2 protein chains.
Amino acid sequence: MPFPQTEVPGRLQAELMSRGLRMTRQRRTILSVVETAKQHLDAAQILRHARKIDPQIDRVTVYRTLALLKRHGLIDELDLMHMQGEKHFYERRPQRDHIHMACLRCGKIMEFESDLFDRLKGQIQRDCQFHIVVTRLEVGGYCSRCRTAKPD
Amino acid sequence: MPFPQTEVPGRLQAELMSRGLRMTRQRRTILSVVETAKQHLDAAQILRHARKIDPQIDRVTVYRTLALLKRHGLIDELDLMHMQGEKHFYERRPQRDHIHMACLRCGKIMEFESDLFDRLKGQIQRDCQFHIVVTRLEVGGYCSRCRTAKPD
DNA sequence: TTTCCTCTTGCAACTGAGTGTCAACAGTGT
DNA sequence: ACACTGTTGACACTCAGTTGCAAGAGGAAA
Ligand SMILES: [Zn+2]
Ligand SMILES: [Zn+2]
Ligand SMILES: [Zn+2]
Ligand SMILES: [Zn+2]
């Protein structure tokens with residue numbers, strides 16, 4: 001569910017190279033992990049997956065590569081309402097922004113695209129004369145399966 | 001102990017007491033700091049302000065009290081797009097949710113209420129059958145004064 | 001007011017994500 | 001192949017936040 005299947009693998013690598021950045025073995029590995037991820041991964045999970053491909057990779061390189069991708073707007077950083085500690089999660093930046101909903105009971109993460117959200121961003125840019133670079137809308141609550149039995 | 005015990009309790013204090021929670025000297029102090037804050041404060045800043053009133057207060061007590069207020073939905077936790085490291089900021093939960101905009105150049109934080117945002121939340125609850133407890137919409141970009149001279 | 005129970009605090013030690021430094025290494029263009 | 005320069009890995013470090021526990025203090029009942 002995280003990523004649209006219409007995306008071509010290797011797009012991140014192509015983007016970085018077109019920006020004149022060096023394509024190292026480690027970066028290729030980390031990029032492929034991020035690109036093929038089936039859920040939102042944190043830095044430690046990305047490291048673990050990358051080490052299955054290249055066991056020598058250091059966690060510092062993962063942090064640096066994620067910072068690079070974020071700086072170039074190729075990935076988005078998520079907090080997922082801090083439900084799993086203070087980790088940050090990452091996903092390839094989609095063509096269209098989406099909302100992340102986190103169920104406070106079962107922990108499920110759902111995604112939702114909305115025309116109202118797009119219009120809201122337009123309103124912000126217009127009414128506040130604010131040039132939007134990145135947005136993060138996270139919602140905590142109870143999913144349909146959990147809402148009948150909410151705690152206190 | 002030099003503390004205004006007879007003072008009329010603030011809304012936060014009243015809320016906690018109505019929930020049957022013990023009102024300690026430390027909690028009164030921290031609550032008053034949060035309630036009278038003029039900007040978004042992080043835990044360390046709240047501790048510093050609280051120690052001006054009661055120098056004995058420990059930082060652990062600040063963390064525990066903030067967790068308590070958050071658990072009871074009386075304050076909201078903000079990331080402010082991680083512009084100042086990984087700290088979290090806090091503000092009293094307002095009657096109406098608002099959006100936080102962070103200028104990536106000058107660091108200014110702006111707030112914005114929007115009917116579209118309220119409608120978007122309604123749409124999420126309806127279309128996703130998701131019971132919303134808390135939302136966090138943060139936007140990073142360039143404010144009107146900085147947008148003419150954006151870096152790289 | 002005093003007692004008593006229970007919740008809360010303070011301290012210290014700990015966790016764990018993320019950063020800074022720097023020598024060695026390896027892309028990339030020539 | 002060479003040289004230039006950006007990148008990596010190892011290690012130590014930072015720093016926000018947490019945990020465990022003994023001592024302290026709300027608060028209600030006696
Ligand atoms: Zn997502
Ligand atoms: Zn659920
Ligand atoms: Zn965060
Ligand atoms: Zn600005």
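Both backbone and side-chain heavy atoms feed into the values below; hydrogens, waters and symmetry mates do not. Letters A, B, ... mirror the listed sequences (proteins, then strands); counts begin at 1. Just so you know, these numbers come straight off a predicted model, no measurement behind them.
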Residues that A:Asp97 engages under side-chain hydrogen bond (donor to acceptor under 3.5 Å, both in side chains), provided they are two or more places apart: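 With sequence neighbours excluded, A:Asp97 shows a side-chain hydrogen bond (donor to acceptor under 3.5 Å, both in side chains) to A:Lys121, A:Thr135, given in chain and number order.
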
Donor-acceptor pair under 3.5 Å: do we get one between A:Arg59's side chain and the base of D:dG9?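 Side chain to base: no pair present.
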
Taking atom types as they are modelled, would you say the side chain of B:Arg22 forms a donor-acceptor pair with the base of D:dG27 within the 3.5 Å cutoff?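 Side chain to base: no pair present.
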
Rounding to a whole Å, what distance do you find between [X]:[atom1] and [N]:[atom2]?
X       : N      : atom1 : atom2 : answer
B:Gln56 : D:dA23 : CD    : P     : 18 Å
A:Ile57 : D:dA10 : CD1   : P     : 12 Å
B:Leu68 : C:dT9  : CG    : C1'   : 14 Å
A:Arg48 : C:dA17 : CZ    : P     : 10 Å
A:Leu47 : C:dA17 : CG    : C1'   : 12 Å
A:Arg51 : D:dA10 : CZ    : C1'   : 11 Å
B:Asp58 : D:dG17 : CG    : C1'   : 13 Å
B:Asp54 : D:dA25 : CG    : C1'   : 13 Å

Can a side chain N or O of [X] be found less than 4.0 Å away from OP1 or OP2 on [N]?
X       : N      : result
B:Thr24 : C:dT9  : yes
B:Thr61 : C:dG10 : yes
A:Gln26 : C:dA26 : no
B:His88 : D:dA16 : no

When you measure from the side chain of B:Gln129 to the backbone N and O of A:Cys143, does any donor-acceptor pair fall under 3.5 Å?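 It does not hold such a pair.
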
Could you tell me whether a side-chain N or O of B:Glu35 sits under 3.5 Å from a main-chain N or O of B:Arg11, the two making a donor and an acceptor?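 Flag set: sc B:Glu35 to bb B:Arg11 pair under 3.5 Å.
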
Once you apply a heavy-atom cut-off of 4.0 Å, does A:Arg64 come out as touching a base, just sugar-phosphate, or nothing?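 The answer is base, as A:Arg64 lies within the cut-off (heavy atoms under 4.0 Å) of a base atom.
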
Is A:Ala44 touching bases, backbone alone, or none of the nucleic acid, heavy atoms closer than 4.0 Å?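 Counting heavy atoms under 4.0 Å across all strands, no contact is made by A:Ala44.
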
5' priority, DNA chain D, between B:Ala43 and A:Leu21 [closest heavy atom]: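 Checking each residue's closest nucleotide, the 5'-ward one belongs to A:Leu21.
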
Step by step, would you call A:Thr65 with A:Leu31 a side chain to side chain contact (heavy atoms under 4.5 Å, CB included)? CA-CA 8 Å; A:Thr65 304; A:Leu31 263 48; 4.0 Å; yes

Under the ring pair (Phe, Tyr, Trp, His ring centres under 6.0 Å) test, residues paired with A:His100 that sit two or more places apart: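 A:His40, A:His98.
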
